[in-house]
Novice: 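Got a structure for you, questions after.
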There are 2 protein chains.
Amino acid sequence: MDKAGFIAAADLQCQQQGVKLTALRRQVLELVLAHEGVVKAYQVLADLQRERGIAAPPTVYRALDFLVEAGLLHKVDALNGYIVCRHVGCCHEGLILVCSACGDVSEVDASPALDVLREQALLQGFAIRQQNLLLTGLCQACRV
Amino acid sequence: MDKAGFIAAADLQCQQQGVKLTALRRQVLELVLAHEGVVKAYQVLADLQRERGIAAPPTVYRALDFLVEAGLLHKVDALNGYIVCRHVGCCHEGLILVCSACGDVSEVDASPALDVLREQALLQGFAIRQQNLLLTGLCQACRV
DNA sequence: TCTTAAATGTTACTATATAACAACACCGTT
DNA sequence: AACGGTGTTGTTATATAGTAACATTTAAGA
Ligand SMILES: [Zn+2]
Ligand SMILES: [Zn+2]
Ligand SMILES: [Zn+2]
Ligand SMILES: [Zn+2]
């Protein structure tokens, strides 16, 4: 999906959720989209400062939190970063694959595996909530 | 396993790996063991300072990194913390369950689910390495 | 218009983690 | 014992990440 298409889909998704994709939030989303792969909050902050002259950390963190909450971004804890969700619109549980060699990130649907995990967790009395899994390894290009 | 037993097992495991569980590393491990659940680096640092009068962040981070590398601790990225591995000695891939309500953490073996995930990742040409999965949800006590 | 809730701005701070280099300890060799 | 190499720890400084608290602005209804 191209950038404009993604923004349109994001807009729609926000409407459906009854939340607002304000100008600031849209700008932050576009800044994230402008990067390949994982983006860090302070990178977005720097970009935002370049575009608007001034911005403080809370401004960026609020927008990023909103976008994660709205399902447009995923947080990648292991890297203190964010990625664009590649499955906006479809209800999904993502499997985020991070290449430890080149840093490349991809996302696939993980529903079947999640089912197995859910069952196993329930044996411990533990109810896992919907979420994305992060796995590290080597991408095709890097494991020649 | 009690604390002394764990330290003995840790010692053995380090010997087998040809690495050294030095006095400092052992002390840090004991400090982690002294807590229930997730421990943070700066908590360990504070504990260490109480016991030794002085210590700096690198001292703690090095020891924690070593212990993770040795398979005695797991890092819980989502919480910026560490937990004691409950499966020292047995080759395992852990499933770390974090309760979002009470913060409680437990660890079970995740090998079956990992097999599913490994297969699915391979479809993308992605070779995931051995690792632990972290899932958040509600523990038995918290989901009355 | 008036009221109110949400969103954003602003300041200041807390928390987490690492770089870089110095000092020391250990181990095997001469 | 002296030497040299390697790994460990000490030390200082700094980089990076994230949040609390409150002021101000904006948008939506009544
Ligand atoms: Zn997604
Ligand atoms: Zn790669
Ligand atoms: Zn474990
Ligand atoms: Zn709980």
Side-chain angles (χ1 to χ4, degrees), chain A residues 10-11 14-15 17-32 35 38-70 72-83 98 100 103 134, chain B residues 10-11 14-15 17-32 35 38-70 72-83 98 100 103 134:
Chain A
D11 237 326
C14 286
Q15 275 181 35
Q17 295 181 3
V19 296
K20 279 182 290 189
L21 187 62
T22 62
L24 172 64
R25 291 164 177 169
R26 178 188 313 246
Q27 185 175 12
V28 168
L29 180 55
E30 285 173 347
L31 290 172
V32 175
H35 290 270
V38 179
V39 191
K40 306 228 165 190
Y42 272 69
Q43 177 63 59
V44 174
L45 176 58
D47 294 347
L48 195 60
Q49 286 170 338
R50 198 159 351 87
E51 291 194 354
R52 315 202 320 167
I54 188 168
T59 300
V60 166
Y61 278 103
R62 284 173 189 146
L64 290 172
D65 287 348
F66 170 88
L67 294 168
V68 168
E69 191 64 27
L72 302 171
L73 301 182
H74 297 304
K75 185 159 203 314
V76 185
D77 282 316
L79 304 174
N80 294 324
Y82 300 82
I83 61 170
V98 181
S100 53
L134 186 141
Chain B
D11 237 327
C14 287
Q15 275 180 34
Q17 296 181 3
V19 296
K20 279 182 289 190
L21 188 63
T22 63
L24 172 64
R25 291 163 177 171
R26 177 187 313 246
Q27 186 176 13
V28 167
L29 179 56
E30 285 172 348
L31 290 173
V32 175
H35 290 270
V38 178
V39 191
K40 305 223 158 194
Y42 273 69
Q43 177 62 59
V44 175
L45 177 58
D47 294 346
L48 195 59
Q49 286 170 338
R50 198 162 350 88
E51 290 194 355
R52 314 204 320 169
I54 188 169
T59 300
V60 166
Y61 279 103
R62 285 172 189 146
L64 291 172
D65 287 348
F66 171 89
L67 295 168
V68 168
E69 193 64 27
L72 302 171
L73 301 181
H74 297 304
K75 186 161 203 308
V76 185
D77 283 316
L79 305 174
N80 294 323
Y82 301 82
I83 60 170
V98 181
S100 54
L134 187 141

Novice: On the side chain of B/R62, is there an atom forming a donor-acceptor pair with the base of D/dG10 - under 3.5 Å, no angle test?
Specialist: yes
Novice: Does OP1 or OP2 of D/dG18 have a side-chain N or O of A/N80 closer than 4.0 Å?
Specialist: yes
Novice: Do A/Y42 and D/dA15 share a donor-acceptor pair, side chain to base, under 3.5 Å?
Specialist: no
Novice: Taking Watson-Crick and G-U wobble pairs with both distances under 3.5 Å, convert DNA chain D into its dot-bracket string, 5' to 3', dots for unpaired and | for cross-strand pairs.
Specialist: ||||||||||||||||||||||||||||||
Novice: Set out, in order, the CA-CA distance, both residues' side-chain angles and the distance that settles side chain to side chain donor-acceptor pair (under 3.5 Å) for B/Q15 and B/D11, then state yes or no.
Specialist: CA-CA 6 Å; B/Q15 275 180 34; B/D11 237 327; 4.8 Å; no
Novice: Taking only the side-chain nitrogens and oxygens of B/K40, find out if one of them lies under 4.0 Å from OP1 or OP2 of C/dA15.
Specialist: no
Novice: Could you tell me how far apart A/L45 (CG) and D/dG18 (C1') are, to the nearest whole angstrom?
Specialist: 12 Å
Novice: Using whole Å, report how far CZ of B/R26 lies from P of D/dT9.
Specialist: 12 Å
Novice: In Å, rounded to the nearest 0.5 Å, how long is the span from CG of A/L24 to CG of A/L29?
Specialist: 11.0 Å
Novice: Taking OP1 and OP2 of D/dG10, is either one under 4.0 Å from a side-chain nitrogen or oxygen of B/T59?
Specialist: yes
Novice: For A/A70, is there any backbone N or O sitting under 3.5 Å from a side-chain donor or acceptor partner on A/Q17?
Specialist: yes
Novice: What nucleotide, of D/dA17, D/dG10, C/dA7, holds the atom closest to the side chain of A/Y61?
Specialist: D/dA17
Novice: Which of these nucleotides, D/dT9, C/dT8, D/dT19, is closest to any side-chain atom of B/T22?
Specialist: D/dT9
Novice: Taking 4.0 Å as the cut-off, does a side-chain nitrogen or oxygen of A/K75 come that near to OP1 or OP2 on D/dG18?
Specialist: yes
Novice: Ignoring the backbone of B/L24, work out which of D/dA17, D/dG10, D/dT12 is nearest its side chain.
Specialist: D/dG10
Novice: For residues B/L79 and B/K40, report the shortest heavy-atom separation together with the two atoms involved.
Specialist: O-NZ, 3.1 Å
Novice: When rounded to the nearest 0.5 angstrom, what is the spacing between CG in A/D77 and CG in B/D77?
Specialist: 6.5 Å
